[in-house]
Amino acid sequence: MSVTISPSLLSADFLELKVELERLNKIDDLWIHLDVMDSHFVPNLTFGEPVLNKIKTISKHKLDAHFMVTNPDLFAESFKDVGLHNFTFHWEAVTHHDRLISKLKSLYPSVGISLNPSTPLSVVPDYIWGKVDLVLLMSVNPGFGGQKFIPEVVDKVIELDKIRFEHQFKFQIQVDGGVTDQNAGYLIQSGANNLVAGSYIFSEPNKDYQTRINKIR
Ligand code: DX5
Ligand code: ZN
């Protein structure tokens, strides 16, 4: 499996979002990671459908939305015309997982589930692993960019890769939070094939994001 890098726009300069997206358009094979937060599931508030609609008009990349929200069911409907490629919701936020996954599969090309650092893989039954396109393992507590990577998540990546291999599941393993050139190698060797990175990419002083992305790759 090839590795996809998904820069998290949370760390981009919001005052020049258009220019930031154009910079990313010069780089190939990216997803754009969009952290939608509701100030309820996580203690932060970011952007919603009107901003994502604008992003869609500029970006050439697949849009990868990570919903850190209490009621993703509501967002499933209201974001359906934005043109998202992937819709990821948090396992912890939902009661009727199977129902929501079926609904999302009718609306979006790719559906992901996300687990907080303290949520074990054992909460997800095998038949669900077979239904999703992506599993996002949080390597920081969700809500903010620029936090320190929690190294214990590497064991979780290894365990999930084993489950994927044993059952020949097709989902991507995405890791999000504190990803840098220092830990990307371990993560990829452990089975991750989609890495989200925000502050590491956008803190490049000359806005040379290609260099940072190459280092992760
Ligand atoms: C955190 C978000 C992440 C965040 C990553 O809750 O889900 O996508 O933007 O940012 P860095 O790479 O700075 O940890
Ligand atoms: Zn995220």
Side-chain angles (χ1 to χ4, degrees), residues 3-14 17 20-21 24 27 30-48 51-52 55 59 61-70 72 75 79 82 84-93 108 110-119 132-154 156-157 172-188 192-205 207 209 211-217:
V3 177
T4 300
I5 310 297
S6 205
S8 166
L9 272 205
L10 192 58
S11 293
D13 183 347
F14 284 5
L17 212 40
E20 294 278 58
L21 289 164
L24 294 171
I27 305 171
L30 299 178
W31 283 14
I32 303 296
H33 187 79
L34 301 161
D35 291 298
V36 179
M37 305 186 190
D38 66 352
S39 186
H40 192 259
F41 182 72
V42 289
N44 197 3
L45 185 65
T46 54
F47 34 70
V51 176
L52 265 56
I55 289 172
S59 184
H61 298 297
K62 287 181 174 166
L63 302 184
D64 167 31
H66 175 194
F67 288 86
M68 284 156 275
V69 301
T70 301
F75 289 70
F79 280 69
V82 170
L84 299 179
H85 174 68
N86 179 67
F87 186 117
T88 293
F89 69 90
H90 267 263
W91 188 263
E92 302 86 359
Y108 301 92
S110 168
V111 175
I113 55 173
S114 177
L115 301 181
N116 283 331
S118 64
T119 305
V132 294
D133 305 287
L134 180 146
V135 179
L136 188 173
L137 297 180
M138 288 301 306
S139 42
V140 297
N141 289 298
F144 303 94
Q147 301 182 83
K148 205 168 158 291
F149 182 77
I150 298 172
E152 284 77 8
V153 83
V154 176
K156 215 165 157 185
V157 174
Q172 299 194 38
I173 300 179
Q174 185 179 58
V175 178
D176 181 9
V179 172
T180 67
D181 61 339
Q182 298 300 304
N183 51 31
Y186 298 120
L187 290 168
I188 293 166
N193 55 288
N194 190 318
L195 298 179
V196 176
S199 50
Y200 175 69
I201 293 174
F202 288 99
S203 65
E204 209 291 324
K207 311 244 177 239
Y209 304 146
T211 301
R212 291 275 163 107
I213 288 164
N214 287 349
K215 281 190 177 166
I216 297 177
R217 279 184 178 142

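Remember, it's 1-based here, ligands and their atoms both numbered in the order they're listed.
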- For the Zn ion (ligand 2): the N/O/S atom of His66 at shortest distance: ND1
- Message: Against His90, only a single residue in Phe41, Phe75, Phe67 fulfils ring pair (Phe, Tyr, Trp, His ring centres under 6.0 Å); can you say which?
- Response: Phe41
- Task: Decide yes or no on side-chain contact (heavy atoms from CB on, under 4.5 Å) for Ile188 and Leu195, but give the supporting numbers first.
- Result: CA-CA 9 Å; Ile188 293 166; Leu195 298 179; 3.9 Å; yes
- Message: If you apply the rule side-chain hydrogen bond (donor to acceptor under 3.5 Å, both in side chains), what do you find for Asn86 with Gln174, and how did you get there?
- Response: CA-CA 12 Å; Asn86 179 67; Gln174 185 179 58; 5.3 Å; no
- Quick check: does any side chain N or O of Gln147 sit under 3.5 Å from a backbone N or O of Asn141, one acting as donor and the other as acceptor? yes
- ligand 1 atoms in contact with His33 (distance to a heavy atom under 4.0 Å): 8 (O)
- Task: Check Asp35 and report its N/O/S atom nearest to the Zn ion (ligand 2), by atom name.
- Result: OD1
- Query: At what distance is the nearest protein heavy atom to atom 1 (C) of ligand 1, and which residue and atom is it?
  - Reply: Phe144 O, 3.5 Å
- Passes side-chain hydrogen bond (donor to acceptor under 3.5 Å, both in side chains), Thr46 versus Asp35? Steps please. CA-CA 7 Å; Thr46 54; Asp35 291 298; over 6 Å; no
- Message: I'd like to know if the side chain of Ser114 reaches the main chain of Phe89, judged simply by a donor and an acceptor atom lying under 3.5 Å from each other, with no hydrogens or angles considered.
- Response: no
- Check for a donor-acceptor pair, side chain of Ser59 on one end and backbone N or O of Leu21 on the other, with a separation under 3.5 Å. no
- What is the closest protein heavy atom to atom 9 (O) of ligand 1, and at what distance does it sit? Ser8 OG, 2.8 Å
- Which ligand 1 atoms, with their elements, are less than 4.0 angstrom from a heavy-atom of Leu10? 9 (O)
- Query: Where on Tyr200 is there a heavy atom closer than 4.0 Å to ligand 1, on the side chain, on the backbone, on both, or on neither?
  - Reply: neither
- Atoms in ligand 1 flagged as close to His66, the criterion being non-hydrogen separation under 4.0 Å: 7 (O)
- Message: Looking only at N, O or S atoms, which one in Asp176 sits nearest to the Zn ion (ligand 2)?
- Response: OD2
- If you scan protein heavy atoms around atom 6 (O) of ligand 1, the nearest is Gly143 N, 2.7 Å
- Note on the structure: Under 4.0 Å from one or more heavy atoms of Pro142, ligand 1 contributes atoms 6 (O)
- Nearest-neighbour protein heavy atom for atom 12 (O) of ligand 1, which is reported as residue plus atom name and distance: Gly198 N, 2.8 Å
- Kindly say whether Ser199 contributes a backbone atom to a donor-acceptor pair with the side chain of Ser11 at under 3.5 angstrom? yes
- Query: Got the closest protein heavy atom to atom 10 (O) of ligand 1, with its distance?
  - Reply: Gly145 CA, 3.6 Å
- Message: Whether the side chain of Lys156 engages the backbone of Pro117 through a donor-acceptor N/O pair (distance < 3.5 Å, no angle test) should be reported.
- Response: yes
- Task: Enumerate the atoms of ligand 1 whose separation from the nearest heavy atom of Gly146 is less than 4.0 angstrom.
- Result: 11 (P), 13 (O), 14 (O)
- Task: Report yes or no: does Asp38 contribute a side-chain atom to a donor-acceptor pair with the main-chain N or O of His40 at less than 3.5 Å?
- Result: yes
- Specify the closest pair of heavy atoms between Ser139 and Val175, including all atoms of both residues, with the distance to one decimal. OG-CG1, 3.3 Å
- Taking atom 14 (O) of ligand 1 as the reference point, the nearest protein heavy atom with its distance: Gly178 N, 2.8 Å
- Residue Ala197 vicinity, atoms of ligand 1 by number, heavy atom under 4.0 Å: 12 (O)
- Message: Checking a contact table here: which protein heavy atom is nearest atom 5 (C) of ligand 1, and how many Å away?
- Response: Asp176 OD1, 3.5 Å
- Any heavy atom of Ser199 under 4.0 Å from ligand 1? The part involved is both
- Task: Among His61, Glu20, Lys62, find the residue that satisfies the side chain to side chain contact (heavy atoms under 4.5 Å, CB included) test when tested with Ile32.
- Result: His61
- Item | atom 2 (C) of ligand 1: the protein heavy-atom neighbour that sits closest, reported with distance to 0.1 Å | Asp35 OD1, 3.4 Å
- Task: Indicate yes or no for a side-chain donor-acceptor contact from Asp133 to the backbone of Val111 under 3.5 Å, with no hydrogens or angles considered.
- Result: yes
- Note on the structure: For Gly177, the ligand 1 atoms with a heavy-atom partner under 4.0 Å come out as 14 (O)
- Task: Considering the heavy atoms of Val196, write down every atom of ligand 1 situated less than 4.0 Å from one of them.
- Result: 8 (O)
